[in-house]
A.B. asks: 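Just passing along the structure, written as structure tokens.
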Amino acid sequence: MAWTAAGSFRLPSIGIGCGNLRFKVPIAAAGLGGASWARSRLWRRSGTAPLASLSVSNETSIKEAVLTDKAPAALGPYSQAIKANNLLFVSGVLGLLPETGKFISESVEEQTDQVLKNMGEILKASGASYSSVVKTTIMLADLKDFKKVNEIYAKYFPSIAPARSTYQVAALPMDARIEIECIAAL
């Protein structure tokens, strides 16, 4: 589902008249499975009517699964990542070694480093990189590890760090100490 708003853009429009009232309405089209909504206003020479569009599609061709053997396989019925609408959505990544499917260690520092290495491989397989990441979500088994995680995280995102949320959670898969997911621009 995607919203698009265009209030200050000059869009192609048509004039509609009824008696003494004149309206200027932007030309908007709805694609397969989509819906469009446009608000009109009285005809004015300066400016165009604001436009908002809500599109919903069940077409699977707009999303593409990403799979690499250089990162651990998904532990359930989900993809390592999905490309959709020039964005990449990377599923939660654990500090597992791709070769064995086992944690690199019990240490939150080593798991964090491995999580970010695994994420880097998924990004690379998608045609993205750490610099294209716009949002991360970190889930920690213990929020007391926040400072340790930040020190390692900063090495992977040295400048213009992505937006981020960090939470302590009740439990993580396989009793992991950390899990990170991200969104990247393609």
A.B. asks: Can you name the closest pair of heavy atoms from Y78 and S91 and give their distance?
C.D. replies: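 Reported closest heavy-atom pair: CD1-OG, 3.7 Å.
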A.B. asks: Please list every donor-acceptor pair under 3.5 Å in which a side-chain atom of residues 149-156 meets a protein atom from a residue at least two apart or in another chain.
C.D. replies:
| unit_1 | atom_1 | unit_2 | atom_2 | d |
| --- | --- | --- | --- | --- |
| N150 | OD1 | R164 | NH1 | 2.9 |
| N150 | OD1 | R164 | NH2 | 2.7 |
| Y153 | OH | T136 | OG1 | 2.8 |
| Y156 | OH | D113 | OD1 | 2.5 |

A.B. asks: Mind checking whether I183 and T137 have side chains closer than 4.5 Å, heavy atoms only?
C.D. replies: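 A side-chain contact under 4.5 Å is absent here.
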A.B. asks: Under 4.5 Å between side-chain heavy atoms, hopping through other hydrophobics if needed: is there a path connecting F146 to I138?
C.D. replies: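 Looking at the clustering, I138 is in the same group as F146.
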A.B. asks: Tell me whether V134 is reachable from M119 by hopping between hydrophobic residues (I, L, V, M, F, W, Y) whose side-chain heavy atoms are closer than 4.5 Å.
C.D. replies: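 Shared cluster, no.
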A.B. asks: For K102, does its backbone N or O pair with a side-chain atom of T100 as donor and acceptor, under 3.5 Å?
C.D. replies: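 Yes; at least one donor-acceptor contact below 3.5 Å.
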A.B. asks: With rounding to the nearest 0.5 angstrom, report the CD to CG distance, Q111 to L96.
C.D. replies: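 Here the interatomic distance stands at 8.0 Å.
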A.B. asks: When hydrophobic residues are tied together by side-chain contacts of less than 4.5 Å, even through go-betweens, does V93 share a cluster with Y130?
C.D. replies: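 Yes; Y130 is reachable from V93 via cluster members.
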A.B. asks: Is a side-chain donor or acceptor of S132 paired with a backbone partner of A184 at a separation under 3.5 angstrom?
C.D. replies: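 No; judged by distance alone, with no hydrogens or angles, the pair does not exist.
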A.B. asks: Quick one: CG on L186 to OG on S129, what's the gap to the nearest 0.5 Å?
C.D. replies: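 Here the rounded value is 10.0 Å.
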A.B. asks: How long is the span from the CG atom in N85 to the NZ atom in K63, to the nearest 0.5 Å?
C.D. replies: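 Separation between the atoms: 11.5 Å.
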A.B. asks: Shortest non-hydrogen contact from G92 to E179?
C.D. replies: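 Scanning both residues completely, I find the closest heavy atoms to be CA-OE2, 3.1 Å.
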A.B. asks: Quick check against the 3.5 Å criterion: does D142 have a side-chain atom that pairs as donor or acceptor with the backbone of K144?
C.D. replies: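 It does hold such a pair.
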A.B. asks: Between F157 and L116, is a side chain to side chain contact (heavy atoms under 4.5 Å, CB included) present by the stated rule, with each step listed?
C.D. replies: CA-CA 10 Å; F157 300 104; L116 291 164; 4.0 Å; yes
A.B. asks: Calculate, to the nearest 0.5 Å, the distance between atoms CE and CD1 belonging to M139 and I180 respectively.
C.D. replies: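 Rounded to the nearest 0.5 Å, the CE-CD1 separation comes to 8.0 Å.
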A.B. asks: Any side-chain heavy atom of K83 within less than 4.5 Å of one from L88?
C.D. replies: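 In short, these two side chains touch, coming nearer than 4.5 Å.
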A.B. asks: Check whether any side-chain N or O of N118 sits under 3.5 Å from a backbone N or O of L94 as a donor-acceptor pair, and report yes or no.
C.D. replies: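 The answer is yes, because a donor-acceptor pair under 3.5 Å joins these two groups.
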A.B. asks: Hey, could you give me the CD1/CG distance between I178 and L172, rounded to the nearest 0.5 Å?
C.D. replies: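 Here the rounded value is 8.5 Å.
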A.B. asks: Would you compute the distance between atom CG of L97 and atom OG of S105 and round it to the nearest 0.5 angstrom?
C.D. replies: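 The OG atom of S105 is 9.0 Å from CG of L97, to the nearest 0.5 Å.
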A.B. asks: Counting only heavy atoms not in Q168, do more than 12 fall under 6.0 Å of its CD?
C.D. replies: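 Atom CD in Q168 is packed in, count exceeds 12.
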A.B. asks: Check whether R177 reaches the backbone of S107 with its side chain - one donor and one acceptor, N or O, closer than 3.5 Å.
C.D. replies: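 Absent.
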A.B. asks: So, using side-chain contact (heavy atoms from CB on, under 4.5 Å) as the criterion, who are the partners of Q80 when residues are at least two apart?
C.D. replies: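 Expected list: L67, T68, A71, I122.
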